[in-house]
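Naming: A, B, ... by sequence-line order, numbering from 1 per chain. Keep in mind that this is a model prediction, so the values were computed, not measured.
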There are 2 protein chains.
Amino acid sequence: MDARTRLLDAAKQLVWDRGVEATSPNMVLARSGVGQGSLYHHFGSKAAWAEAAITALAADLTAETDELFSAHPTGVEQLRAYLTRPRPALDGCRLGRLAFDPEIRADDALRAPISAYFEHLRALLRPAVHATGVDDTDGVVEAICAVVQGGYVTSRLSDDPDALDRACRGLLTLLGIPPH
Amino acid sequence: MDARTRLLDAAKQLVWDRGVEATSPNMVLARSGVGQGSLYHHFGSKAAWAEAAITALAADLTAETDELFSAHPTGVEQLRAYLTRPRPALDGCRLGRLAFDPEIRADDALRAPISAYFEHLRALLRPAVHATGVDDTDGVVEAICAVVQGGYVTSRLSDDPDALDRACRGLLTLLGIPPH
DNA sequence: GTCTATAAGTGGATAGAC
DNA sequence: GTCTATCCACTTATAGAC
C-alpha cells in the first residue's frame with residue numbers, strides 16, 4: 001500500500017476516534033508508519049489531510065446509507081431498516097461526532113462534506129416519512145436524524161451501548177412501525 | 001469578584017464553547033484576567049478546573065430542568081414544556097457537547113457529573129412519559145433525550161438554528177401532544 | 001517520493017519573589 | 001493569594017539530503 005493511502009487511512013481512523021482538533025500530525029505519522037516529509041509532500045497542511053479524511057468518511061457513510069435505502073422497497077421498511085441498523089454506539093457517528101470540534105467550526109471546507117451528508121439523508125428520509133401519512137413530515141424527518149445522533153451522545157455519556165438502540169426503538173414505537 | 005470565581009466562570013464559558021481538550025490554561029487566564037500562579041494556587045491541574053467547571057455547568061442545568069418540570073403539573077404539560085423550551089441550538093448543550101471530547105473519555109471524574117445529569121433527566125421524564133399511556137416507556141424516554149441532543153448536533157452541522165426546533169416539534173407530533 | 005533534522009510557537013506545569 | 005519568570009514536551013511546519 002502506498003504512503004498516501006496509508007496516511008489517509010490513518011487520518012480517517014484518528015479523526016473518527018479523536019476528532020480533528022485532538023489529532024496531531026505525529027499521531028498520523030505513528031499510525032501510518034511513514035516519515036514526516038511524506039505527510040507534507042502528499043498533504044500541504046493539517047487542514048488538507050483533515051479535509052481528505054472527512055471527505056472519505058462522508059463518502060463511505062453515504063454509500064452505506066444509499067445501499068440500505070435501496071435494499072428496501074417501501075417507506076416503512078426503509079425507516080425500520082434505518083432505525084434498527086447495527087451501529088457502533090460507543091464509538092460515535094463518524095460524521096456527527098465532529099459537530100463540536102473547534103477546528104470544524106473554524107473551517108467551512110471541513111464542515112461542507114458533513115453538511116452535505118445530512119442533507120442527502122434528509123432527502124432519503126422525506127419520501128419514506130411522507131408515505132407513512134404522518135403529520136409534519138419535515139419535523140419527523142429531523143427527529144429521525146436527531147434520535148440517531150443523540151442516541152450516540154447519550155450512549156457515550158452514559159457508557160451504555162444500549163441507549164442508542166433503546167432510543168431508536170422508542171421512536172419506531174411512536175411511528176407505529178412494529179419490529180420486524 | 002475574587003480570583004477563584006473569575007477563573008471558574010472563565011473555565012465554564014470556555015468548556016461550553018470549546019470543550020476540555022481544546023481549552024488551554026492560557027485561555028482561562030486570558031479570559032479571567034488573573035495571573036498564572038493564581039490558577040495553580042486554586043486548582044492544582046487542568047483536570048481540577050475542568051472538573052469544577054463541568055460540575056458547575058451540570059448543577060446549573062439540573063436546577064433549570066428541575067424548575068421547568070416543577071412548574072408544570074401534568075406529564076403532558078411537562079413533556080410539551082421540555083420539548084418547546086428555547087435552546088441555544090448553535091452553541092450546543094453545555095453537557096452533551098462534551099460527549100466526544102477525548103479528555104472526557106480519559107477521565108471518569110469528568111464524565112460523572114454529566115452522566116448523573118442524564119440519569120436525573122430520565123427519572124424526571126419517565127413518569128411523564130408513563131402517564132401518556134404510550135408503549136415502551138423506557139424507549140420513548142431515551143428518544144426524548146436523544147432528539148434534543150441530536151437536534152443540537154444537526155443544527156450545528158447544518159448551521160441551521162431551526163433544525164433543533166423542527167426535531168422537537170416532530171417528536172411532539174409523534175407523541176400526539178398538540179402545541180400549546 | 002521518502003527520509004531526518006530542525007525551527008518557532010504553544011501546552012501544561014513549577015519556582016520563587018512580593 | 002497573586003504575580004512574573006521559566007521549564008520541558010509537543011504541535012505544526014520547513015529545510016534539505018538521498
Side-chain angles (χ1 to χ4, degrees), chain A residues 1-56 98 100-111, chain B residues 1-57 97-98 100-111:
Chain A
M1 205 158 56
D2 67 350
R4 195 196 149 89
T5 306
R6 302 231 310 277
L7 286 164
L8 186 55
D9 284 353
K12 285 170 70 177
Q13 290 174 41
L14 285 160
V15 167
W16 185 358
D17 187 42
R18 303 181 50 81
V20 177
E21 166 88 28
T23 297
S24 73
N26 272 346
M27 293 175 192
V28 177
L29 295 177
R31 184 169 293 224
S32 66
V34 308
Q36 190 93 335
S38 290
L39 177 60
Y40 284 92
H41 173 75
H42 292 289
F43 301 98
S45 66
K46 178 175 181 179
W49 53 257
E51 183 179 343
I54 291 169
T55 301
L98 299 172
F100 297 100
D101 188 306
E103 296 204 22
I104 300 281
R105 172 175 27 173
D107 186 345
D108 279 345
L110 299 184
R111 192 173 56 79
Chain B
M1 205 159 56
D2 67 350
R4 194 195 149 88
T5 305
R6 301 231 311 278
L7 286 164
L8 186 55
D9 283 353
K12 285 171 70 178
Q13 289 174 41
L14 285 161
V15 166
W16 185 358
D17 187 43
R18 303 182 49 82
V20 177
E21 166 88 28
T23 297
S24 73
N26 273 345
M27 294 175 192
V28 177
L29 295 176
R31 184 170 292 224
S32 66
V34 308
Q36 190 91 337
S38 290
L39 176 61
Y40 284 92
H41 173 74
H42 291 289
F43 301 99
S45 66
K46 178 175 181 179
W49 52 257
E51 182 178 343
I54 292 170
T55 300
L57 289 167
R97 64 102 56 234
L98 300 172
F100 297 100
D101 188 306
E103 297 204 21
I104 300 281
R105 172 175 27 172
D107 186 344
D108 279 344
L110 299 183
R111 191 173 55 80

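- Nearest heavy atoms, B:His42 versus B:Ala3: NE2-CB, 4.2 Å.
- The two residues B:Arg97 and A:Phe100 make their nearest non-hydrogen contact at NH2-O, 3.1 Å.
- Between B:Lys46 and B:Val20, some side-chain heavy-atom pair lies under the 4.5 Å cut-off.
- Between A:Asn26 and A:Gln36 there is a side-chain heavy-atom pair separated by less than 4.5 Å.
- The minimum heavy-atom distance between A:Met27 and A:Ala22, with the atom names listed, is CE-O, 3.5 Å.
- Nearest heavy atom pair, residue A:Asp107 against residue A:Ala47, reads OD2-CB, 4.0 Å.
- Here the CD-OG distance, from A:Gln13 to A:Ser32, works out to 10.5 Å after rounding to the nearest 0.5 Å.
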Identify the pairs formed between an N or O of the protein and an N or O of nucleotides 4-7 of chain C at a distance under 3.5 Å, and give each distance.
| residue | atom | partner | partner atom | Å |
| --- | --- | --- | --- | --- |
| C:dT4 | O4 | A:Gly37 | N | 3.4 |

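- Residues B:Arg105 and B:Leu110 fail the side-chain proximity criterion, which asks for heavy atoms closer than 4.5 Å.
- If you measure from atom CD of B:Glu21 to atom C1' of C:dT10, you get 14 Å, rounded to the nearest angstrom.
- Taking the 5' to 3' direction, DNA chain D first and last meets chain A under 4.0 angstrom from a heavy atom at D:dT11 to D:dT14.
- At C:dA13, one or more side-chain N or O atoms of B:Tyr40 fall inside 4.0 Å of OP1 or OP2 (strictly under the cut-off).
- The stretch residues 2-15 of chain B has no heavy atom under 4.0 angstrom from DNA chain C at all.
- Under the 4.0 Å criterion applied to side-chain N and carboxylate O atoms, A:Asp9 and A:Arg6 are not assigned as salt-bridge partners.
- Between B:Thr23 and B:Trp49, some side-chain heavy-atom pair lies under the 4.5 Å cut-off.
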